[in-house]
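Encoded as structure tokens, the structure appears first; notes follow it.
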Amino acid sequence: MRPIPVLLDCDPGIDDALAIAYLVAEQRAGRIDLAGLVCTAGNVGIDDTVRNALSWLDLAGCPPVPVAAGAAGALVVPHVFTPETHGPRGAGHADLTTTTRSLDPRDGARLWVDAARAHPGELVAVVTGPSSTLAHALELEPALPRLLRRLVVMGGTFRGHPGNTTPVSEWNVDVDPEAADRVCLAWEAARADDPTVAPARWCGLNLTERAVWTPERSRRLVEAAQGSTLSRHLADALRFYFEFHESVGEGYLAQVHDPLVAWLALHPEAALTEPVHLRIECAGEHTRGMTVEDGRGHRGRPANAELVVDLSVPGGAVAVLEEVTVSIADLR
Ligand code: RIB
Ligand code: CA
């Protein structure tokens, strides 16, 4: 099997760090070719997302891969950061080392387009932060939806599941709803031209909140990794995430959205999906950032997206996190 070319656009971010480590494990196992890692301002500012991504790649022993800085903020509105969720610099309690790794000279949008053109019809793109850089990439290359094998997005919340930022919005979308809506419109236009273009695959909170990481799982990770520096830094980062989740009444645990989505991007057959027409509310006083799904074809609008509504793996999200844990533990 040839390695699958993969691009990750992320906003590390504590759960993004798990997604990065998992993809590095897949890269080192020869199952993927990490064609690009794009950092987008999200949980923390662009400088910290870049610093964190480079440091996590170092700690994971990743071979050289292109890492580029993407959007430094949302398209339209001032960016909102979440130091209370991921820590002041986005790595929780982990004290990340400064990196020897250098940034790619291209910006994130250019790396998106170059990676897609280098692997026409083959690149699997995963977004685990705001869609701001992807929106810029779509301006550079409107044919991006056709160039990708598939796009998998951690974003939104569906089927009436409550938001984590407002009652109706999920954080990655809430921070930059205009960007997320441009993604929806781009896939709508591409599929109107060519129905064979794969719909964008969206993983909302209704799915990703099932990915619960516990202190016991952190302990097991460090033990299985024989106390690797990576595993101990991830455990330190996750401890902050446990404290945050406890502070908002979720218990001393962490909903780790991003590694579940990264795993699903590499295991498309494990996703149970439903086609919808998807747009993002950008104007509502009370509903800004809401993912508006239409599964009934109102006004004749064809599906531009597919929602991952369940997993077809025995054991569900817990089994996925177990596989992620084992993969990361092997990175010693
Ligand atoms: O709402 C959860 C998402 O927002 C995750 O990707 C987390 O890292 C934050 O970016
Ligand atoms: Ca994220």
Side-chain angles (χ1 to χ4, degrees), residues 7-23 37-46 48-53 56 70-74 79-92 94 108 125-134 151-158 161-177 179-180 183 201-213 234 237-238 240-242 244-245 248 250 253-265 280 288-291 307-308 317 320-321 324:
L7 179 141
L8 174 67
D9 187 331
C10 56
D11 64 333
I14 295 168
D15 56 334
D16 302 78
L18 288 170
I20 291 170
Y22 168 67
L23 291 177
L37 194 154
V38 174
C39 303
T40 295
N43 295 311
V44 288
I46 187 67
D48 281 330
T49 56
V50 165
R51 178 196 73 115
N52 296 341
W56 289 121
H79 196 97
V80 174
F81 302 110
T82 55
E84 75 288 345
T85 308
H86 293 265
R89 300 201 66 186
V126 190
V127 178
T128 62
S131 299
S132 315
T133 308
L134 174 52
L151 172 68
V152 185
V153 180
M154 194 281 124
T157 190
F158 304 98
H161 190 91
N164 63 0
T165 307
T166 72
V168 294
S169 70
E170 175 279 326
W171 197 82
N172 284 336
V173 173
D174 187 86
V175 161
D176 197 349
V183 174
R201 184 165 280 193
W202 288 73
C203 305
L205 298 177
N206 50 297
L207 176 82
T208 64
E209 283 187 353
R210 303 179 200 174
V212 174
W213 193 282
L234 285 170
L238 282 154
F240 190 98
Y241 222 19
F242 296 151
F244 164 74
H245 282 82
V248 295
E250 295 285 353
L253 50 83
Q255 295 161 344
V256 289
H257 315 269
D258 299 343
L260 175 62
V261 175
W263 184 90
L264 272 171
I280 314 297
R288 178 169 162 80
M290 181 177 186
T291 37
L307 307 181
V308 181
V320 172
L321 290 188
V324 167

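When a ligand or atom number is given, it counts from 1 through the structure's own listing order.
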Query raised in the report: Looking at side-chain heavy atoms only, is the closest gap between I14 and L238 below 4.5 Å?
Result: yes

Report task. Could you please spell out the steps behind the side-chain hydrogen bond (donor to acceptor under 3.5 Å, both in side chains) verdict for E209 and H161? Result -> CA-CA 10 Å; E209 283 187 353; H161 190 91; 2.8 Å; yes

Query raised in the report: What is the distance from atom CZ of F81 to atom CG of D48, rounded to the nearest 0.5 Å?
Result: 9.0 Å

Query raised in the report: Taking the side chain from N43 and the backbone from T85, do they hold a donor-acceptor pair closer than 3.5 Å?
Result: no

**Report entry** Residue-atom pairs from the protein, N, O or S only, that lie under 3.0 Å from the Ca ion (ligand 2)
**Finding:** D11 OD1, D16 OD1, D16 OD2, T128 O, D258 OD2

Indicate every side-chain donor-acceptor pair of residues 125-132 with a distance under 3.5 Å to a residue at least two apart or in another chain.
{"from": "T128", "atom 1": "OG1", "to": "D16", "atom 2": "OD2", "distance (Å)": "2.8"}
{"from": "S132", "atom 1": "OG", "to": "D176", "atom 2": "OD2", "distance (Å)": "2.6"}

Report task. Over all heavy atoms of both residues, which pair between A53 and L37 is shortest? Give the atoms and the distance, please. Result -> CB-CD2, 3.8 Å

Query raised in the report: Taking any residue with a non-hydrogen atom under 4.0 angstrom from an atom of ligand 1, which ones do you get?
Result: D11, D15, D16, N43, H86, T128, M154, N164, E170, W171, N172, H257, D258

**Report entry** Under the side-chain hydrogen bond (donor to acceptor under 3.5 Å, both in side chains) test, residues paired with E84 that sit two or more places apart
**Finding:** none

Query raised in the report: Under a 4.5 Å cut-off applied to non-hydrogen side-chain atoms, are V152 and C203 in contact?
Result: yes

Query - Y241 and H245 aromatic ring geometry - parallel, tilted or perpendicular at 30°/60° bounds - result: perpendicular

